[in-house]
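Computed from heavy atoms alone, side chains included, the values below leave out hydrogens, waters and symmetry copies. Order of the sequence lines fixes the chain letters, A, B, ..., with proteins taken first and strands second; residue numbering starts at 1 for each chain. Computed from a prediction, not measured in an experiment: that's the story for all the values here.
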Protein chains: 2
Amino acid sequence: MRVRIKDIAEKAGVSTGTVDRVIHNRGNVAPSVKAQVEQVMNELGYKRNLIASTLAYNRTIRLAALVFNEEDPYWSQISSGIEKAREATLHYGVWVDTFLCDQRNPQHFAKSVQQILDSRPDGVLVAPLFLKEGTQFLRTCGEKKIPVALINTQMSEAKALCYIGQDSYQSGFVAARLLNFGMKKRATVLLLNLDSQAADAQHLLDKERGFRDYFRKDHSKSVRIIAENFAAYDQPKALQSWFGKFLQNHPDLAGIFVTNSRAYLLLDALENKTLEDINVVGFDLVPPNLAHLKANRINFLINQNPVLQGYMGIINLVNHILLKQKVSEVQYLPLDIVVRENCDYYLKGNLSYPLAIY
Amino acid sequence: MRVRIKDIAEKAGVSTGTVDRVIHNRGNVAPSVKAQVEQVMNELGYKRNLIASTLAYNRTIRLAALVFNEEDPYWSQISSGIEKAREATLHYGVWVDTFLCDQRNPQHFAKSVQQILDSRPDGVLVAPLFLKEGTQFLRTCGEKKIPVALINTQMSEAKALCYIGQDSYQSGFVAARLLNFGMKKRATVLLLNLDSQAADAQHLLDKERGFRDYFRKDHSKSVRIIAENFAAYDQPKALQSWFGKFLQNHPDLAGIFVTNSRAYLLLDALENKTLEDINVVGFDLVPPNLAHLKANRINFLINQNPVLQGYMGIINLVNHILLKQKVSEVQYLPLDIVVRENCDYYLKGNLSYPLAIY
DNA sequence: TTGGGGGTTGTGCGCGCGCACAAAAGGATA
DNA sequence: TATCCTTTTGTGCGCGCGCACAACCCCCAA
């Protein structure tokens with residue numbers, strides 16, 4: 001049988017109310033009595049009963065989550081992780097509100113975070129895609145003492161509760177290692193940002209740094225890296241013609257590293273032509289990427305665990321606010337290397353998540 | 001506010017006791033009243049409050065877990081997963097007893113499972129390493145209606161509650177794919193079972209099948225596969241001299257696939273001599289394997305998620321017994337491909353597990 | 001001696017549910 | 001109509017904890 005407050009009270013010769021005051025540090029306890037109670041607690045190894053505690057606490061905490069355009073498969077996976085967390089914490093009196101935002105529009109982001117602030121949440125989950133607006137938002141939350149969990153994009157200088165996501169630098173490093181497999185002694189590789197805000201996005205810069213560093217350290221080959229941004233990624237024709245020209249200018253192209261989840265857009269634009277002897281590394285197990293992976297048009301995908309990012313973000317807020325536990329400031333998720341032969345298991349695995357609430 | 005039993009009772013014009021009887025199907029409710037209550041429940045979308053329910057239920061369920069020799073790093077990781085699950089479910093009134101067993105001794109296994117049966121547990125977690133004894137045990141549990149969660153070794157013909165672990169066939173397939181990287185057109189590869197019961201172990205046979213099938217389907221190369229069992233794996237000298245001879249007989253050896261977590265024993269035995277141009281694929285992120293991975297003596301490790309196996313095994317028993325949820329019979333864990341560049345993230349990731357208890 | 005007041009301690013209710021038991025209703029028989 | 005039995009329905013306590021409030025003690029001033 002586990003130790004209850006009542007057991008402590010009896011052994012220490014006080015009432016349960018006094019023990020309660022000691023446990024919660026509410027004061028108004030005579031120092032000698034406090035010491036006595038604390039000693040008994042240590043002796044018996046008291047641990048509060050989370051179930052009873054949650055029931056009696058009987059308040060709801062309200063969390064706000066900023067989610068981006070649902071049409072983008074990557075962001076919809078993050079949303080589904082948030083939804084899972086919502087279901088899992090419902091019993092604990094947690095309410096999660098989601099606010100939708102356009103991923104390409106900084107103004108809209110600013111408006112959305114203002115809405116979030118107006119709703120006076122107890123905690124916030126956000127992917128700070130826009131450097132300026134994100135920093136500003138973090139500062140405001142700091143002033144209002146609202147804990148913020150960051151996902152997807154790390155902001156080292158701003159002080160959030162935690163960051164959950166990948167080590168961007170290392171993911172670029174791993175991508176380089178994967179492209180390096182079976183590559184010729186001399187070759188050109190393309191680092192392609194299919195993003196409208198590439199210059200602003202710290203995580204893309206970090207990936208590039210990691211990517212370059214790998215080839216800098218490996219002297220066995222002579223590799224030329226060409227980095228390109230292509231912002232109009234949703235215009236297949238433009239993408240196709242741009243890449244056609246690139247290929248003409250670089251006939252020795254041996255590998256392509258697409259720095260986000262949009263590798264499929266390039267291959268869609270090429271109308272499923274197979275790129276002979278050109279390896280492609282991308283991110284994320286979104287359905288269109290998976291189709292190309294299965295068809296050997298993408299060789300490797302690095303999984304960023306979007307579902308887990310959303311899920312753990314919420315869970316960490318709950319751990320901090322409700323359960324008053326320490327949470328680590330940086331929580332890097334594994335850099336899953338996904339090939340055609342093992343991709344199925346990453347998809348099924350999302351179904352059932354184990355328990356972080358102790 | 002969430003819907004409570006009391007709300008249902010009021011709206012349906014009955015007492016909470018009656019609603020309770022309907023919810024738990026305890027009978028003794030007039031058919032018309034039952035229908036009425038059920039309708040109101042659907043209308044309001046009642047979901048039982050797991051927290052209050054667990055508190056009021058106020059019983060402990062006792063689970064038994066069979067764990068193997070703690071010295072083996074693989075099994076100690078499984079144990080640590082079980083321990084995490086124990087902590088996570090303590091609040092829900094779950095008690096986990098562990099029974100230690102020698103992984104090389106079928107008789108000891110039989111004795112241990114008898115001890116487990118004598119303790120009359122509500123559920124059992126076991127890795128059925130020994131085919132005959134495992135089958136027998138599963139049959140007995142079936143008769144006594146004790147649910148069994150299997151990990152590590154799948155037993156297709158026996159009817160357990162669930163299996164949690166890898167798809168062995170596919171893991172062999174992936175291993176072959178990894179060895180295939182950068183391999184010459186003609187080569188010999190070694191499939192090495194460092195196990196005393198290799199012929200008996202279904203999962204090792206499945207891995208071999210998957211491994212062979214990969215090369216059978218890929219006609220671009222001509223690969224000769226030599227499968228060997230070496231039972232005295234804990235005698236470095238013997239292992240060293242045996243492998244030395246093997247290498248003499250097969251100078252074109254291009255790859256080694258060690259089918260379990262003991263790849264490090266081979267490399268230890270070779271006293272860290274680097275095997276030039278021989279790729280090594282093994283299993284599991286146990287410390288000695290990691291050391292060889294970091295030193296480039298092992299090229300790939302496939303992670304079997306031992307911690308997660310132990311953890312999810314217990315969680316699934318709790319889901320079934322306490323929460324009366326459906327659990328899927330086969331739960332394959334991802335086949336993580338681990339290289340030097342991403343191994344660190346799989347180690348940290350074990351720290352905090354999210355929540356499967358809804 | 002009485003009356004306050006601050007510091008300290010004890011008591012009791014409620015959270016939502018499970019379950020035992022009491023109460024009531026309906027039906028059959030004498 | 002009274003009695004007994006069966007079926008159905010209602011009531012109340014307890015799970016362990018959080019928190020509001022009541023009760024108590026002791027010291028000092030009037």
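At the heavy-atom level, A/L55 lies under 4.0 Å from base atoms of the strands shown. In this structure, B/N49 reaches the sugar-phosphate backbone alone: every heavy-atom distance under 4.0 Å involves primed, P, OP1 or OP2 atoms, never a base. Residue A/N28 is in base contact, counting any heavy-atom pair closer than 4.0 Å across all strands shown.
With rounding to whole Å, B/N58 atom CG is found 19 Å from C/dG16 atom P. Rounded to an integer number of Å, the gap from A/L322 CG to D/dC17 C1' is 14 Å.
When each of B/V33 and B/A52 is assigned the nucleotide of DNA chain D with its nearest heavy atom, B/V33 is the one assigned upstream, toward the 5' end. With DNA chain D read from its 5' end, the first of the two nearest nucleotides for A/I51 and B/T16 is the one closest to B/T16.
In the set C/dG10, D/dC15, C/dC15, the nucleotide with an atom closest to the side chain of A/A56 is C/dC15. If you check C/dG10, C/dT8, C/dC17 against the side chain of A/S15, the one that comes closest is C/dG10. When distances run from any side-chain atom of A/D20 to the nucleotides D/dG18, D/dG16, C/dG18, the shortest one goes to D/dG18. Of the candidate nucleotides D/dC17, C/dT9, C/dG18, D/dC17 has the atom lying nearest to any side-chain atom of A/Y46. Taking only side-chain atoms of B/A30, from C-beta outward, the nucleotide of D/dT9, D/dG16, D/dG18 with the closest atom is D/dT9.
Between A/R26 and A/D20 the shortest side-chain heavy-atom distance falls below 4.5 Å. No side-chain heavy atom of B/Y57 sits less than 4.5 Å from a side-chain heavy atom of B/Y92.
At a threshold of 4.0 Å, the pair B/K159-B/E329 does not count as salt-bridged, since none of the basic side-chain nitrogens sits closer than that to a carboxylate oxygen.
Judged by distance alone, the side chain of B/N316 and the main-chain N or O of B/M312 form a donor-acceptor pair under 3.5 Å.
Between D/dT8 and B/T18, no contact under 4.0 Å exists linking OP1 or OP2 to a side-chain N or O. Taking only side-chain nitrogens and oxygens, B/H24 comes nearer than 4.0 Å to OP1 or OP2 of C/dG18.
Applying the 3.5 Å distance criterion, the base of C/dG18 shares no donor-acceptor pair with the side chain of B/R59. Side-chain to base pairing of A/R21 with C/dG10: one donor and one acceptor N or O lie within less than 3.5 Å of each other.
Below 30°, between 30° and 60°, or above 60°: for B/Y345 and A/Y332 the angle between ring planes is above 60°, a perpendicular geometry.
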